[in-house]
Amino acid sequence: MQLTYLRTPSKAAPEPALLSAPDSLSTGEPLDEIASLLAGLDSEAETARLQARAVAATPRADSVFLSFRDRFLRMGEQITDRLNQATSIQSTVLEDTATSRPLATLLAKHGFALAYTEGNAYADEDNVYWTRLFDGALTPAMQRYLRLRATEQSTRFSEDAALQISWDDLARRAVTWEEFADSYPDFSWKDASRFWYDTYLSTYLTGMDNSRVFSDSGTLEPEVRTSYEHLAAQYPQTRTAQLVAQCLTLLKQNGYRRSAAIDSLLRQRDVTSMLGVQPPTR
């Protein structure tokens with residue numbers, strides 16, 4: 001399974017049929033090519049929707065969706081390439097301008113969002129768009145996956161390798177994906193759900209470059225310790241909380257300082273460090 005994803009959207013795309021999007025852009029920049037790139041994508045989406053509905057709630061329907069999504073993501077890469085060439089949108093991506101407004105509307109009509117990270121604009125998929133387009137056609141597991149991701153995308157996860165949600169919220173995300181895996185052991189896109197669980201668990205236990213679990217002196221940050229204690233108490237039956245409880249025991253034995261024992265435990269549980277890694281923005 002190839003887990004390929006664009007950067008996540010800053011807001012949910014409205015229903016394509018409800019938007020009044022421009023048929024073209026006139027900026028004098030490579031942005032003008034985007035409308036022609038998108039021509040025909042709506043008909044492809046409708047074809048995929050009808051194909052999925054013909055075999056609704058089966059793994060074949062999920063396969064139809066994932067196949068179209070691959071095409072969709074490749075289109076997003078082409079759009080992002082045009083955005084990278086356009087100086088006007090890069091300098092005003094965070095503003096509501098005569099350029100960004102029609103561009104955002106055009107992208108939303110086709111299921112993309114005009115998003116940004118570290119000041120750079122890009123086209124991103126929107127899981128809310130998927131839930132609407134394929135409503136009732138996908139398996140319960142895929143529908144649940146898309147709803148979870150749509151909810152998560154509504155809040156930025158990281159920016160400049162700094163956590164943008166609370167440690168407690170991060171813990172809940174990890175527990176949620178553990179519960180998802182337990183509820184849908186035969187999920188056809190298991191690598192994707194596992195990716196999110198691993199990302200959240202690894203971030204929770206190892207931090208990010210600009211949101212550290214341990215201080216420079218090697219001591220567990222107070223807010224992280226508090227969150228670990230909350231998780232262990234609130235979800236004691238989950239594997240996530242049980243691992244965190246083991247970490248707390250080792251930390252307490254060493255004055256809540258990082259130790260070789262902690263590093264060994266995380267290696268044994270296949271928890272990889274998120275330090276030096278560019279995490280997803282949403």
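Note that the structure is predicted; figures quoted are calculated from it, not measured.
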Enquirer: Are the side chains of Y184 and S193 in contact, using a 4.5 Å heavy-atom criterion?
Expert: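 Answer no - side chains too far apart.
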Enquirer: Using the rule given for salt bridge (charged side-chain N to carboxylate O under 4.0 Å, His left out), can you reason through R212 versus E221, listing the C-alpha separation, both sets of side-chain angles and the distance that settles it, and then say yes or no?
Expert: CA-CA 8 Å; R212 298 293 182 126; E221 293 287 2; over 6 Å; no
Enquirer: Is R74 positioned over the aromatic face of F68, cation under 6.0 angstrom from the ring centre and no more than 45 degrees off axis?
Expert: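 Negative - R74 is either too far from the ring of F68 or too far off its axis.
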Enquirer: Show, in sequence, the C-alpha distance, side-chain angles and deciding distance for M142 and L66, and conclude whether the side-chain contact (heavy atoms from CB on, under 4.5 Å) test is met.
Expert: CA-CA 10 Å; M142 187 65 78; L66 292 175; 4.1 Å; yes
Enquirer: For T226 and P222, indicate whether the former's side chain and the latter's backbone hold a donor-acceptor pair under 3.5 Å.
Expert: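 At least one qualifying donor-acceptor pair exists.
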Enquirer: Measuring from I165:CD1 to F157:CZ, what's the distance to the nearest 0.5 Å?
Expert: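 Nearest 0.5 Å value for the CD1-CZ distance: 5.5 Å.
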Enquirer: Specify the closest pair of heavy atoms between D62 and S188, including all atoms of both residues, with the distance to one decimal.
Expert: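 So the two residues come closest at OD2-OG, 3.6 Å.
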Enquirer: Would you sort out whether R239 and D182 count as a side-chain contact (heavy atoms from CB on, under 4.5 Å), showing the intermediate values?
Expert: CA-CA 11 Å; R239 295 181 297 280; D182 291 343; 3.0 Å; yes
Enquirer: Between the side chains of Q268 and S264, does any donor sit under 3.5 Å from an acceptor?
Expert: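 A donor-acceptor contact under 3.5 Å links the two side chains.
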Enquirer: For L83 and L114, run side-chain contact (heavy atoms from CB on, under 4.5 Å): C-alpha distance rounded to whole Å, both residues' side-chain angles, the deciding distance at 0.1 Å, then the answer.
Expert: CA-CA 10 Å; L83 295 174; L114 178 59; 4.1 Å; yes
Enquirer: With a 3.5 Å distance limit and no angle check, can you tell me whether Q242 reaches the backbone of P236 through a side-chain donor-acceptor pair?
Expert: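 Yes, because the side chain of Q242 sits within donor-acceptor range (under 3.5 Å) of the backbone of P236.
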Enquirer: Kindly determine whether W189 and F195 satisfy ring-ring contact (aromatic ring centres under 6.0 Å, His included), including the steps that lead there.
Expert: CA-CA 10 Å; W189 204 21; F195 169 84; over 10 Å; no
Enquirer: Is the NZ or CZ atom of R69 positioned over W130's six-membered ring, under 6.0 angstrom from the centre and within 45° of the axis?
Expert: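 No, R69 and W130 do not form such a contact.
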Enquirer: Is there a side-chain contact between V175 and E179 (heavy atoms, below 4.5 Å)?
Expert: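 A side-chain contact under 4.5 Å exists here.
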Enquirer: With heavy-atom distances below 4.5 Å as the criterion, would you say the side chains of R282 and E152 are in contact?
Expert: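 They are not in side-chain contact.
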Enquirer: Could you tell me whether a side-chain N or O of D126 sits under 3.5 Å from a main-chain N or O of V128, the two making a donor and an acceptor?
Expert: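 Yes, the answer is positive, given that a donor and an acceptor are paired below the 3.5 Å cut-off.
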Enquirer: Run the side-chain contact (heavy atoms from CB on, under 4.5 Å) check on T272 and D198 step by step: do they pass?
Expert: CA-CA 8 Å; T272 58; D198 289 345; over 6 Å; no
Enquirer: So, for A192 and Y145, which heavy atoms are closest and what is the spacing to 0.1 Å?
Expert: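 In this case the closest contact between A192 and Y145 is CB-OH, 3.6 Å.
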Enquirer: Testing the basics here: between R82 and P30, what is the closest heavy-atom pair and its distance to 0.1 Å?
Expert: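 In terms of heavy atoms, the two residues are closest at CG-O, 3.5 Å.
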Enquirer: Classify the side-chain pair Y204/T240 by whether it contains a donor and acceptor separated by less than 3.5 Å.
Expert: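 No - no donor-acceptor pair under 3.5 Å links their side chains.
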Enquirer: Validate the cation-pi geometry between R49 and F134: distance from NZ or CZ to the six-membered ring centre under 6.0 Å, angle to the ring axis within 45°.
Expert: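 Judged by the rule (NZ or CZ under 6.0 Å from the ring centre, within 45° of its axis), R49 is not positioned above F134.
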Enquirer: Within a strict 4.5 Å, meaning less than it, do heavy atoms of the W177 and L148 side chains meet?
Expert: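 The answer is yes, as the side chains (C-beta and beyond) meet within the 4.5 Å cut-off.
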Enquirer: Could you walk me through whether F112 and F72 pass ring-ring contact (aromatic ring centres under 6.0 Å, His included), step by step?
Expert: CA-CA 9 Å; F112 294 99; F72 182 92; 3.9 Å; yes
Enquirer: Could you tell me the separation between the CG atom of L73 and the CD atom of Q78, rounded to the nearest 0.5 Å?
Expert: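 Here the rounded value is 11.5 Å.
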Enquirer: Heavy atoms, side chains only, cut-off 4.5 Å: are T281 and R156 in contact?
Expert: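 Contact flag for T281/R156 side chains = yes.
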Enquirer: Could you grab the distance from atom CG of D209 to atom CG of L163, nearest 0.5 Å is fine?
Expert: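 Interatomic distance, D209 CG to L163 CG, rounded to 0.5 Å: 12.5 Å.
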Enquirer: Please give me the minimum heavy-atom distance between Y129 and A45, naming the atom from each residue.
Expert: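 Scanning both residues completely, I find the closest heavy atoms to be OH-CB, 3.9 Å.
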Enquirer: Is there a donor-acceptor contact under 3.5 Å from the side chain of S158 to the main chain of P280?
Expert: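 Yes; at least one donor-acceptor contact below 3.5 Å.
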Enquirer: So, does S67 use its side chain to make a donor-acceptor pair with the main chain of V64 at under 3.5 Å?
Expert: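 Side chain of S67 to backbone of V64: no pair is present.
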Enquirer: Is there a donor-acceptor contact under 3.5 Å from the side chain of Q164 to the main chain of A162?
Expert: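 Yes.
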Enquirer: How close do V277 and S273 get, heavy atom to heavy atom, and via which atoms?
Expert: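 So the two residues come closest at CG2-O, 3.8 Å.
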Enquirer: Are the side chain of S202 and the backbone of M274 linked by a donor-acceptor contact shorter than 3.5 Å?
Expert: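 Checking the backbone N and O of M274 against the side chain of S202, no donor-acceptor pair under 3.5 Å is found.
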Enquirer: In Å and rounded to the nearest 0.5 Å, what is the CD to OH distance from E77 to Y122?
Expert: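 Here the rounded value is 14.0 Å.
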Enquirer: Is any side-chain heavy atom of R144 less than 4.5 Å from a side-chain heavy atom of F180?
Expert: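 Of all side-chain heavy-atom pairs linking F180 with R144, at least one is under 4.5 Å.
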Enquirer: Nearest heavy-atom pair of T80 and A121: which atoms, and what distance?
Expert: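 In terms of heavy atoms, the two residues are closest at CG2-O, 4.4 Å.
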Enquirer: Are the side chain of D42 and the backbone of H110 linked by a donor-acceptor contact shorter than 3.5 Å?
Expert: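 A pair under 3.5 Å: no.
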Enquirer: Do R173 and D169 meet the salt-bridge criterion of a basic N to acidic O distance under 4.0 Å?
Expert: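 Looking at R173 together with D169, the answer is no, because their closest N to O distance does not fall below 4.0 Å.
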Enquirer: Just by distance, do the side chain of T139 and the backbone of T58 share a donor-acceptor pair under 3.5 Å?
Expert: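 No, the answer is negative, given that no donor and acceptor are paired below the 3.5 Å cut-off.
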Enquirer: Any donor-acceptor pair under 3.5 Å linking the side chain of T176 with the backbone of R172?
Expert: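 Indeed, once roles are kept as given, a pair shorter than 3.5 Å links the two residues.
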Enquirer: Indicate, with yes or no, if L103 and L37 share a hydrophobic cluster defined by side-chain heavy-atom contacts under 4.5 Å among Ile, Leu, Val, Met, Phe, Trp and Tyr.
Expert: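 Cluster IDs for L37 and L103 match.
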Enquirer: Using 0.5 Å steps for rounding, measure from the CG atom of L170 to the OG atom of S211.
Expert: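 Going from CG on L170 over to OG on S211, the span is 10.0 Å.
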Enquirer: Nearest 0.5 Å please: distance from the CG atom of L251 over to the CD atom of Q246.
Expert: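 Those atoms lie 11.5 Å apart.
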Enquirer: Below 4.5 Å, heavy atoms only, C-beta onward: do I262 and L205 meet side chain to side chain?
Expert: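 Side chain of I262 against side chain of L205, heavy atoms only: no contact under 4.5 Å found.
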Enquirer: Find out whether Q143 and T131 are in side-chain contact, i.e. whether some heavy atom of one side chain is under 4.5 Å from a heavy atom of the other.
Expert: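 No, their side chains stay 4.5 Å or more apart.
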Enquirer: Taking only Lys NZ, Arg NE, NH1 and NH2, and the carboxylate oxygens of Asp or Glu, determine whether E229 and R225 approach each other closer than 4.0 Å.
Expert: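 Counted as a salt bridge, because a side-chain N and a carboxylate O are separated by less than 4.0 Å.
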